There are 2 protein chains.
Amino acid sequence: MRELETAEHRFIEAMGLYFERRGGTRIGGRIYALLMLAGEPLSNKRIAELLKVSAASVSTNLRACADMGLVEPASVPGDRQHYHVIHSQGWEGKLRVAEESLSAFARICAEALAVPRLAGNRSLREASAFCDFYKAELTGIAERWRAAHAPRPPRPDKTSKGRTA
Amino acid sequence: MRELETAEHRFIEAMGLYFERRGGTRIGGRIYALLMLAGEPLSNKRIAELLKVSAASVSTNLRACADMGLVEPASVPGDRQHYHVIHSQGWEGKLRVAEESLSAFARICAEALAVPRLAGNRSLREASAFCDFYKAELTGIAERWRAAHAPRPPRPDKTSKGRTA
DNA sequence: CAGTCCATTCAGTATTGACTGAACGAAGTC
DNA sequence: GACTTCGTTCAGTCAATACTGAATGGACTG
């Protein structure tokens, strides 16, 4: 990818702050934003260059992004660097994150409700009920989104460089 | 509220960690959990005692919880302390939080899309589309939840102490 | 098989920010 | 109107952790 211009830096920094605020890391957000903008596979090295951060940080944060399902590995024929692209089903990933967060919350409540003395607590019961409701809704959302956007089969008019899984 | 027992401490600490992990503060989560368990209005002072934290911290975190719509003020007749309870529509609040986070993300993308050079970016457009879709779904969820649970009019059999808005 | 080029891991550093104690201000009581 | 009793604000401290540079380990090349 070419060097970054002002508007792109703005986007990248904004995303960095967004990530930071939500409990992630700033560089994680920057990498994610950069890959969005790139539209093509980028190597660790190139990411470090463009973002002006250490290779170590790129490696760590890239792994975190991958674990969150935001980014996935790619490879470029004839190049042994590690490449990365935005995860193709990234948006469902966002739903998955919401689902995991909700499940963690539900688990905490369920554990408390298992204690006899707390089993009758109103807030706890409502929390639990809401979690069940919300979880069901989330799967519905995922299905509707998939139905509306996923069935489009991958068209061959990608940017330029070939990409493989 | 009476002193806390082991199971309650477990719940409170778990919620503290949950908040911390999601970008909030540990004490914020503990206060939230405590008010859930209490089921009655609690004063700043009592919260500080039960949680063994400074009054300053209680004040600060309580405000944060209120800003997030998790907690709301209450008052007890004949007592000039400030009381607090779990927000009665707290679950819609959880949806509102999700909505705000999503909107922040959407705003960042929209700002980038406003730049001519980036307007055609595929990931950016998909992100924007997903945000619109998700936001619509969230309002749908809120409505369905309200329809299923809110129409129950407030019954007068509250715990013991009176509570006013 | 030596040499190069990667990415990753680890220890160290520096920044951030959550929490505390003390000062301040407000509201109510005698 | 002095005194008490709160809650909030502010400066300071301390712990957590994001990031860096150096060392390590793999994978490919000649």
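So that the names make sense, note that chain A is the first sequence line, chain B the second, and so on, each numbered from 1. Everything numeric here is computed off the predicted structure, so don't read it as measured data.
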- Item | A/Glu8/A/Arg2 salt bridge by N-O under 4.0 Å criterion | yes
- Should the pair A/Arg63-A/Glu72 be classified as a salt bridge under the 4.0 Å nitrogen-to-oxygen rule? no
- Task: Extract, from 5' to 3' on DNA chain D, the first and final nucleotides lying under 4.0 angstrom from some heavy atom of chain B.
- Result: D/dT5 to D/dT9
- Rounded to the nearest 0.5 Å, how far does CG of B/Leu17 lie from CZ of B/Arg22? 14.0 Å
- Message: Counting only side-chain nitrogens and oxygens, does B/Asn61 get under 4.0 Å of the OP1 or OP2 atom of C/dC19?
- Response: yes
- Task: Quick one: pull up CD in A/Glu49 and CE in A/Met1 and give me the separation to the nearest 0.5 Å.
- Result: 13.0 Å
- Task: Indicate the ring-plane relationship of B/His82 and B/His84, choosing parallel, tilted or perpendicular according to the 30° and 60° boundaries.
- Result: perpendicular
- Item | Check: A/Thr139 side chain, A/Ala136 main-chain N or O, donor-acceptor pair, under 3.5 Å | yes
- Note on the structure: Numerically ordered, the residues 53-60 of chain B set in heavy-atom contact under 4.0 Å with DNA chain C is B/Val53, B/Ser54, B/Ala56, B/Ser57
Check nucleotides 3-5 of chain C against the protein and report each pair of N or O atoms closer than 3.5 Å, with its distance, or say if there are none.
unit_1	atom_1	unit_2	atom_2	d
C/dC5	O4'	A/Arg80	NH2	3.4
C/dC5	O2	A/Arg80	NH1	3.4

- Pairs in or reaching into residues 27-78 of chain B: which pass ring pair (Phe, Tyr, Trp, His ring centres under 6.0 Å), with residues at least two apart or in two chains? B/Phe19-B/Tyr32
- Message: Rounded to whole Å, how long is the line connecting atom CG of A/Leu62 with atom P of C/dT9?
- Response: 12 Å
- Query: Would you call A/Glu143 and A/Arg146 a salt bridge, taking side-chain N to carboxylate O under 4.0 Å as the test?
  - Reply: no
Let me check something: any side-chain donor-acceptor pairs from residues 104-119 of chain B under 3.5 Å, sequence neighbours excluded? List them with distances.
unit_1	atom_1	unit_2	atom_2	d
B/Arg117	NE	A/Glu5	OE1	3.3
B/Arg117	NH1	A/Glu5	OE1	2.8

- salt bridge (charged side-chain N to carboxylate O under 4.0 Å, His left out) evaluation trace for B/Arg96 with B/Glu99: CA-CA 5 Å; B/Arg96 221 199 58 216; B/Glu99 203 276 342; over 6 Å; no
- Query: Do B/Ser101 side-chain atoms and B/Val97 backbone N/O form a donor-acceptor pair below 3.5 Å?
  - Reply: no
- From B/Leu4 atom CG to B/Leu50 atom CG, the distance as rounded to the nearest 0.5 Å: 5.0 Å
- Atom-pair distance (CG on A/Leu42; P on C/dA7), nearest Å: 12 Å
- Message: I need the B/Glu137 CD to A/Leu95 CG distance, nearest 0.5 Å.
- Response: 9.0 Å
- Roughly, in whole Å, what's the span from CD in A/Glu49 to P in C/dA7? 10 Å
- Using a cut-off of strictly less than 4.0 Å between a heavy atom of the residue and any atom of DNA chain C, enumerate the qualifying residues of residues 9-31 of chain A by number. none
